[in-house]
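Because the structure is predicted, anything quoted here is derived from the model rather than measured.
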Amino acid sequence: MVKKIQVPLSGEPFKNNATYCVGTGRMGLALQKEYVNHLRIVQESINFRYIRGHGLFCDDVGIYREDGIDGQIHPFYNFTYLDRIIDTYLENGIKPFLELGFMPEKLKTGEQTIFYWKGNVTPPASYEKWAKLIQVTLNHLIDRYGREEVITWPIEVWNEPNIGFWAGTMEEYFKLYDYSSRAVKEVDPRIQVGGPAICGVETEKWLRSFFEHCIQNNLPLDFITRHCYTANQPTKQGEYIYHTLKDPTFMIEELKETRHIMADYPEIADMPLHITEFNSSYVPICPAHDTDFQAAYIARILSEAGEYADSYSYWTFSDVFEEMDVPRAIFHGGFGLVSLNSIKKPTFYAFEFFSNAGEELLYRDEHLIVTKENDRYVIIGWNWHDMRDNKSSPDESYTLLLPSIAKQAILVKKEVGGSHANPMQTWSNLGKPRNLNRDQLEILKAAAEPLQTDFKLFEQNGVYEVELTIPCNHLCMLEIMPVKDKTKTYRGYDPKEFYGLE
C-alpha cells in the first residue's frame, strides 16, 4: 500500500540530538593509530560534539601513582598520556564528556575487575585521595586547555553502578557521588556534574533513591544520566553472542519512563537527561551491530529520542575496542560505526544522515521523517525487520507532496541496504576472511559506500511529487535543493548532440 502524504508548509522544531555525543571504549585506546583514523572519519562526516568513554583513572592512562620516600607514601600525578588523549580529541573537533572511573591500582579496595583490560570496580581505599585525584586532574586540564574550555566538559560519576561495574552497595555509590561531585564543584562551580549512569536493573529504585539522596543532602547535580539497550537475554555460541531484540520503541518508552520519574521531583524535573550509552545489543560480539538491519533499527530511535533526551550517545564509534579481548576478525559483531581497517558500517550512515537533517520537522511516522531548513528538504526513511524469521517485510512506499522551494530542484538520494553500503555481505561473499589483503580491503571500502542517484524535480501546482520505496532493512536519505538552470547561457547548446543527456 502506498501512503500519500501531503507535507505541510511549516512544522515544529526537530529535536535532533543524534550528534551531541558518541561513545568510545576506554580512553586509553586513543593512543592507537587506527583509533585516531576512525575518529577522523566520523568527525569528517558526522561531527559529534562530545565523546564519552571509560578508564580515565585506569592504570593504562597512568595518572595516579604513589612513590615511597623515607618511609612515607607520596601521590604522584602523571598526565603524559591524558594530554595525548585530550589533544587527539580536540584536534579532531570533539570535546570529552568525562566519566570518573575506574579505580587506580593504588586506591583499590579489592580485586574485582571488569573486561579483558581489567578495569578495577572497587570503592576507593580513601575517598579523600579519590576526591583529590579528581581535583588535581581537573586543575591540570584547566592549566593546559584553559578554564573557559574545561568548564564546557560535562562530568559523569562512574559507570553503571547498579550492575557489575561497581563492587560496592548503592549507598557506597552515593558516597562516591558525594565526594566526586563536591570535588568537581570546588574546582569550578560552573562545571556540570551528574549521574547515576545506571543501566537496565532496578531502574526506578536507583533513580528515585539517587534523586532523594541528592535532594536531601543538597548535593551538586546538573544532569541525569542512564543507559539504554534493547537486547533480550544473550545466548553464547562459540565466538559470538546472539540476542533477540525488542522493538526500537522500547528505548523510547524507557526515556518516557525516566522523564516521568524525574517529573515527581521539582528539583530534578527540568534537568537535562543524557543517555551516555545506547545500542541494540550490549556485547561487542553480536553480529547485529554489523548489519544493514541495525542501520534501519537505529534510525527509528534517532527519529524520536530527542523528544525526551538531551543526548543519546551511541556505543561506540569504533571497533578498536577490547572489552572481550582483541577482536578476532574484521566483522566480529563489534559496537563501532567503523569496523577494523576503517570500513564504514551501515549504521555509520544513520548518524551521517541525521547529522544532515533540517531543523524543522514537517512530518514523522514509524518509517519516515521529513525535515526542512531554509530552502532545503531532507527526508530520511527506514524499514527494519528481523530476518531471522526467514521472511522479508513488505516495502514501505510513499507518495510525498512537498511545497515547492523553486520551479526546478534536484533530488539527491542515498541508499543503504542490500548490496549497497553493506560491507559485511561483501565480506561474506569474499569467504569471511579474518585478515584482509590489499585487494580485499579495497573491495570492502568500495562496498561500504551508499548508492547515490539524483533526479530533476519540477513544481506542478506549487508542489513536488516524490515517489519513495524503502525495501526491507534499507535506510535512505533524500535531499531536495533548488536549482538555477544555466542552460541558456551556453551558446550553441543543442540537446540532441549530447547523446541522451536530459
Side-chain angles (χ1 to χ4, degrees), residues 15-27 29-30 35 38-39 41-43 45-56 85 89 92-101 152-161 165 192-200 222-231 248 250-252 254-255 258-259 271-284 289 294-295 297-321 323 334-338 345 347-348 350-355:
K15 297 177 181 178
N16 177 20
N17 300 320
T19 62
Y20 186 92
C21 188
V22 73
T24 175
R26 68 185 192 277
M27 292 180 69
L29 294 169
Y35 175 104
H38 292 187
L39 186 58
I41 289 169
V42 299
Q43 287 304 92
S45 296
I46 302 171
N47 196 29
F48 291 104
R49 184 177 175 188
Y50 287 101
I51 187 167
R52 178 259 185 198
H54 307 318
L56 171 63
I85 293 165
Y89 291 165
N92 285 279
I94 197 166
K95 299 170 180 274
F97 192 127
L98 293 170
E99 174 203 302
L100 302 181
T152 68
W153 302 353
I155 296 179
E156 179 180 42
V157 179
W158 210 255
N159 176 76
E160 299 183 357
F165 291 85
Q192 302 291 285
V193 63
I198 59 168
C199 186
D222 299 301
F223 56 84
I224 308 305
T225 68
R226 65 160 298 177
H227 300 165
C228 297
Y229 292 90
T230 57
F250 177 80
M251 176 170 160
I252 305 300
E254 285 191 312
L255 301 185
T258 305
R259 282 292 182 191
M271 285 186 181
L273 171 61
H274 292 294
I275 309 306
T276 48
E277 288 182 26
F278 91 96
N279 207 312
S280 54
S281 168
Y282 47 79
V283 294
H289 294 137
Q294 174 89 350
Y297 183 93
I298 294 298
R300 173 63 185 93
I301 294 172
L302 298 182
S303 73
E304 192 179 353
E307 296 292 331
Y308 311 102
D310 296 86
S311 73
Y312 22 98
S313 179
Y314 188 76
W315 188 255
T316 59
F317 83 90
S318 172
D319 272 0
V320 178
F321 189 89
E323 283 185 359
F335 288 121
L337 298 174
V338 183
K345 298 187 196 177
T347 309
F348 178 97
F351 285 89
E352 182 181 277
F353 292 175
F354 275 86
S355 75

With a 3.5 Å distance limit and no angle check, can you tell me whether [X] reaches the backbone of [Y] through a side-chain donor-acceptor pair?
{"X": "T316", "Y": "T24", "result": "no"}
{"X": "W158", "Y": "F165", "result": "yes"}
{"X": "K345", "Y": "G336", "result": "yes"}
{"X": "N17", "Y": "A309", "result": "yes"}

Testing the 3.5 Å rule here: is there a donor-acceptor pair between the side chains of S280 and Q294? yes
Going through the distances and angles, do V338 and D319 end up as a side chain to side chain contact (heavy atoms under 4.5 Å, CB included)? CA-CA 6 Å; V338 183; D319 272 0; over 6 Å; no
Go through the steps to decide whether F335 and N279 satisfy the test side chain to side chain contact (heavy atoms under 4.5 Å, CB included), and finish with yes or no. CA-CA 8 Å; F335 288 121; N279 207 312; 3.7 Å; yes
In chain order, what residues pass the side chain to side chain donor-acceptor pair (under 3.5 Å) check against [X], with sequence neighbours excluded?
{"X": "S355", "value": "none"}
{"X": "T230", "value": "Y297"}
{"X": "S313", "value": "none"}
{"X": "R259", "value": "D310"}

T258 and R226: side chain to side chain donor-acceptor pair (under 3.5 Å), yes or no, with the steps? CA-CA 9 Å; T258 305; R226 65 160 298 177; 2.9 Å; yes
[X]: side-chain contact (heavy atoms from CB on, under 4.5 Å) partners, not counting sequence neighbours:
{"X": "N47", "answer": "Q43"}
{"X": "E277", "answer": "R52, H54, N159, E160, H227, Y229, W315"}
{"X": "A305", "answer": "I252, L255, I301, Y312"}

Mind checking whether [X] and [Y] have side chains closer than 4.5 Å, heavy atoms only?
{"X": "I275", "Y": "T225", "answer": "no"}
{"X": "F278", "Y": "M251", "answer": "yes"}
{"X": "I51", "Y": "L39", "answer": "yes"}
{"X": "L56", "Y": "L100", "answer": "yes"}

Please enumerate all residues that pass ring-ring contact (aromatic ring centres under 6.0 Å, His included) together with [X], with sequence neighbours excluded.
{"X": "F351", "value": "F48, Y314"}
{"X": "Y50", "value": "Y20"}
{"X": "F97", "value": "F223, H274"}
{"X": "F348", "value": "none"}

Which pair of heavy atoms, one from [X] and one from [Y], lies closest together, and at what distance?
{"X": "E99", "Y": "G55", "answer": "OE2-N, 4.4 Å"}
{"X": "A295", "Y": "A350", "answer": "O-CB, 3.9 Å"}
{"X": "G334", "Y": "H289", "answer": "O-CB, 3.0 Å"}
{"X": "M27", "Y": "I85", "answer": "O-CD1, 3.5 Å"}
{"X": "P196", "Y": "I224", "answer": "CD-CG2, 4.4 Å"}
{"X": "S281", "Y": "A231", "answer": "CA-CB, 3.8 Å"}

Taking only residues two or more places apart in sequence, or in another chain, which ones meet E304 in a salt bridge (Lys or Arg N to Asp or Glu O under 4.0 Å)? R300
Roughly how far, to the nearest 0.5 Å, is the CG atom of L273 from the OG atom of S311? 7.5 Å
So how far is it from L337 CG to I46 CD1, rounded to the nearest 0.5 Å? 5.5 Å
